[in-house]
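Let me begin by presenting the structure, written as C-alpha cells, before commenting on it.
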Amino acid sequence: MMDTPICDFVKKYAQSGDLRLHMPGHKGKSFLGCEALDITEIDGADVLYHAYGIIKQSEDNAASLFGTAKTIYSTEGSSLAIRGMLYLAMLHGKSIGRKPIIAAGRNAHKTFLTASALLDIEIAWIFPEKQENLLSCEITAKMLDKFLTEAEEKPVAVYITSPDYLGNVADITSLAEVCHNHDTLLLVDNAHGAYLHFLPESRHPIALGADMCCDSAHKTLPVLTGGAYLHISPTAPELFCDQAENAMSLFASTSPSYLIMQSLDAANRYISDGYRERLAVFAEKTTSLKERLTAHGYTLIGSEPLKLTISAKPYGYIGHELSELLLKNNIVCEFCDPDFVVMMLTPEIGNNALELIEKSLLVIAPKAPISDRMPQMANPLKKLTPREALFTQSKTLPIHECIGKVLASPTVSCPPAIPIVVCGEVIDEAAVRIFEYYRIETCNVIE
C-alpha cells in the first residue's frame, strides 16, 4: 500500500502536544474540529513549490500513479495550475524564439483568459464550426491542422478544455499528433477528468499525448476542495520539469493549506488500494443507467463516463425546471442552465444513489419538446487585447446599455465560468441576446 508522508507527519505532530508558537492563530485548538491537523511550513513539514522532503515524496507518489514526468500539487485548484502551465509555455516560446501566442478553444475557463492577460500572452481563438451552446467547442484534428497550417504566426501551444462542462471528451491522441507535427505544444484543461487515468484503458490527456494538463482532484476524486495537480508529460521539454515549481510559486499563496495537501496525499493511498477496480465497476453501472434513461426518452450528451448530462428541452423542460424537480428528492445537481442539467457521479455516492437518480428521473413525465435554442453569434470584433481591457478603468451597466461598448472583464460566475464575450471585444446585439438567454443582467465595460 502506498505511503502517506504528509498525513503521517501532521498526525504525529498533532499528537505531540508541542506548544505551537507559529501560525495559524487557532494554535491547534478545536473550533471546526480540523484545527489540530492544520499547520504551516514548520521544520520537517517541507515547503510547497520548494519541496525536498515529505511533500516531494507525496508528489512523487502521485507522479507514479499518473505516469507523469512530474506532478505538482496545487492547494488553489486548477486555476493555479493553469497559470503555471501558461507561464511554462511562455518560457518555452522564448527559448525557441517564438512569440507568446496560444491558440485556444473558445470555451476556455475565464482563468485562462485572466492568466493570459497577466502574462501578456496573445490568444488566437479557435471557434467551433457551429456553436450550439456556450459550454462546448468541438475541435477536430482536421480543423486544428487547417488552423495551424494557415496561422500567420505559429502558436507556442494549443489549449483545449477536455472534458468540457457537459462531458464532451476531445480526441486528445489525434489533436496531440497534429500539434506535434506543427512543432506546437498541447495543453489540456482536464479539470473534470482526474479519474480518467484509472479507467481500464486510460483516457487521461498525459497518457494520450498532451504535454501538460491540470486536474482538479477535488472535482472527481475524494479530495478536499482546492486540491489539484499540474501534470507534465515524460516527453515534454525539459524546461517544464526544471521550472515547474517556480511557475507555480509565481502565482501561489505562500500559505498553502496543509489540510488540502493531506487530502491529496491520502488520495494517493486511496487510488493505489483498489480504486481502479471500484471505478471500473461503477463506470459500468453508470453506463447501464444512461442506457435505461435513454430508452425512457431522455436525451443524454457527452462521452465522459462519470458525468450525467441531460439535454432538457427535448424532454419538454428547461434545465432549471429539471434541476428543481430533482431537488425535491434531495438531489443537488452540479449545474443547470436553460438547456442542460449536469450531474457529476463518483463511486463515493454508492449504488443506492444511482437508484435514487433513476427513480427520480423516471417519474418525471415527458412534455412536448421545447424548440428554442441559444441565439447564434458571429465571431466578436476585437478592439483591445485582454490585457489592455482588464487594466483599463471600467463601469458596470445594464446589459441593454452595453451594445457597442468594449467588455472590460468577464463577470460570469463559476460554474461554468466561460465568457460569452472576451475582454477587449465589442458587445453587439447578438451578444446581448445570448446574455439574456443565460440570465446575465449586467456587464463591466470600458468607460
Side-chain angles (χ1 to χ4, degrees), residues 79 82-83 86-87 89-90 93 98-137 139 143 146-148 150-161 187 189 374-414 416-447:
S79 293
I82 289 169
R83 297 181 190 108
L86 297 192
Y87 177 77
M90 185 186 70
R98 195 175 294 180
K99 187 177 177 181
I101 301 172
I102 294 182
R106 185 65 180 193
N107 64 333
H109 190 278
K110 68 178 182 180
T111 297
F112 168 79
L113 182 63
T114 55
S116 297
L118 288 170
L119 291 165
D120 203 12
I121 289 172
E122 183 179 333
I123 305 171
W125 291 110
I126 305 174
F127 290 87
E129 291 180 346
K130 183 179 181 182
Q131 188 173 18
E132 297 181 349
N133 62 76
L134 178 64
L135 308 180
S136 298
C137 179
I139 300 173
M143 279 175 58
K146 184 175 186 292
F147 183 92
L148 294 176
E150 296 176 353
E152 292 183 7
E153 292 186 88
K154 196 74 71 178
V156 173
V158 170
Y159 179 97
I160 67 166
T161 303
L187 315 181
D189 177 350
M374 184 191 82
Q376 290 295 301
M377 180 173 69
N379 296 354
L381 174 66
K382 177 182 173 181
K383 201 72 173 286
L384 300 172
T385 68
R387 182 180 177 86
E388 290 169 336
L390 277 170
F391 289 95
T392 301
Q393 185 68 30
S394 65
K395 59 183 176 181
T396 302
L397 293 178
I399 191 63
H400 284 290
E401 296 180 23
C402 295
I403 296 175
K405 298 187 181 298
V406 177
L407 186 75
S409 61
T411 54
V412 287
S413 60
C414 187
I418 298 171
I420 295 169
V421 177
V422 167
C423 316
E425 293 178 344
V426 177
I427 300 170
D428 59 15
E429 293 182 4
V432 167
R433 287 194 292 270
I434 297 178
F435 280 113
E436 291 176 333
Y437 185 79
Y438 286 107
R439 303 181 180 182
I440 297 171
E441 298 178 350
T442 61
C443 274
N444 289 340
V445 296
I446 292 176
E447 289 188 347

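Every heavy atom of this structure was used, including side-chain atoms; hydrogens, water molecules and symmetry mates were not.
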Side chains of [X] and [Y]: does their closest heavy-atom pair fall under 4.5 Å?
X	Y	result
Asp428	Leu381	no
Leu134	Ile434	no
Val422	Trp125	yes
Val158	Phe147	no

Only counting residues at least two apart or in another chain, list the ones meeting side chain to side chain contact (heavy atoms under 4.5 Å, CB included) with [X].
X	answer
Lys146	Glu150
Ala151	Pro155
Thr392	Ile446
Lys382	Thr385

For [X], check side-chain hydrogen bond (donor to acceptor under 3.5 Å, both in side chains) against everything at least two apart and list the hits.
X	value
Glu436	His400
Lys405	none
Arg387	none

Q. How close do Cys137 and Pro128 get, heavy atom to heavy atom, and via which atoms?
A. SG-CD, 3.6 Å

Q. If you look at every heavy atom in Gly93 and Val156, which pair is closest and at what distance?
A. CA-CG2, 3.7 Å

Show me the donor-acceptor pairs, under 3.5 Å and distance only, between side chains in residues 101-108 and residues at least two apart or in other chains.
unit_1	atom_1	unit_2	atom_2	d
Arg106	NH1	Glu425	OE2	3.0
Arg106	NH2	Glu425	OE1	2.6
Arg106	NH2	Glu425	OE2	3.4
Asn107	ND2	Leu135	O	3.1

Q) How would you list, by chain and number, every residue that makes a salt bridge (Lys or Arg N to Asp or Glu O under 4.0 Å) with Glu447, sequence neighbours excluded? A) none

**Q.** Listed partners of Glu122 passing salt bridge (Lys or Arg N to Asp or Glu O under 4.0 Å), at least two apart
**A.** Lys99

**Q.** Side-chain donor-acceptor pair present, Asn444, Ser409, cut-off under 3.5 Å
**A.** yes

Q | Tyr438 side-chain N/O to Ile420 backbone N/O, donor-acceptor pair under 3.5 Å | A | no

Just how far is it from atom [atom1] of [X] to atom [atom2] of [Y], taken to the nearest 0.5 Å?
X	Y	atom1	atom2	answer
Gln376	Arg433	CD	CZ	10.5 Å
Tyr159	Leu86	OH	CG	6.5 Å
Ile427	Ile399	CD1	CD1	5.5 Å

Q: Kindly state each residue pair satisfying salt bridge (charged side-chain N to carboxylate O under 4.0 Å, His left out) with at least one member in residues 389-399, sequence neighbours excluded.
A: none

Sequence neighbours left out, cut at 3.5 Å: what donor-acceptor pairs do the side chains of residues 111-120 make with other protein atoms?
unit_1	atom_1	unit_2	atom_2	d
Thr111	OG1	Ser79	OG	3.1
Thr111	OG1	His109	ND1	3.1
Thr114	OG1	Lys110	O	3.3
Thr114	OG1	Thr111	O	3.2
Ser116	OG	Phe112	O	2.8

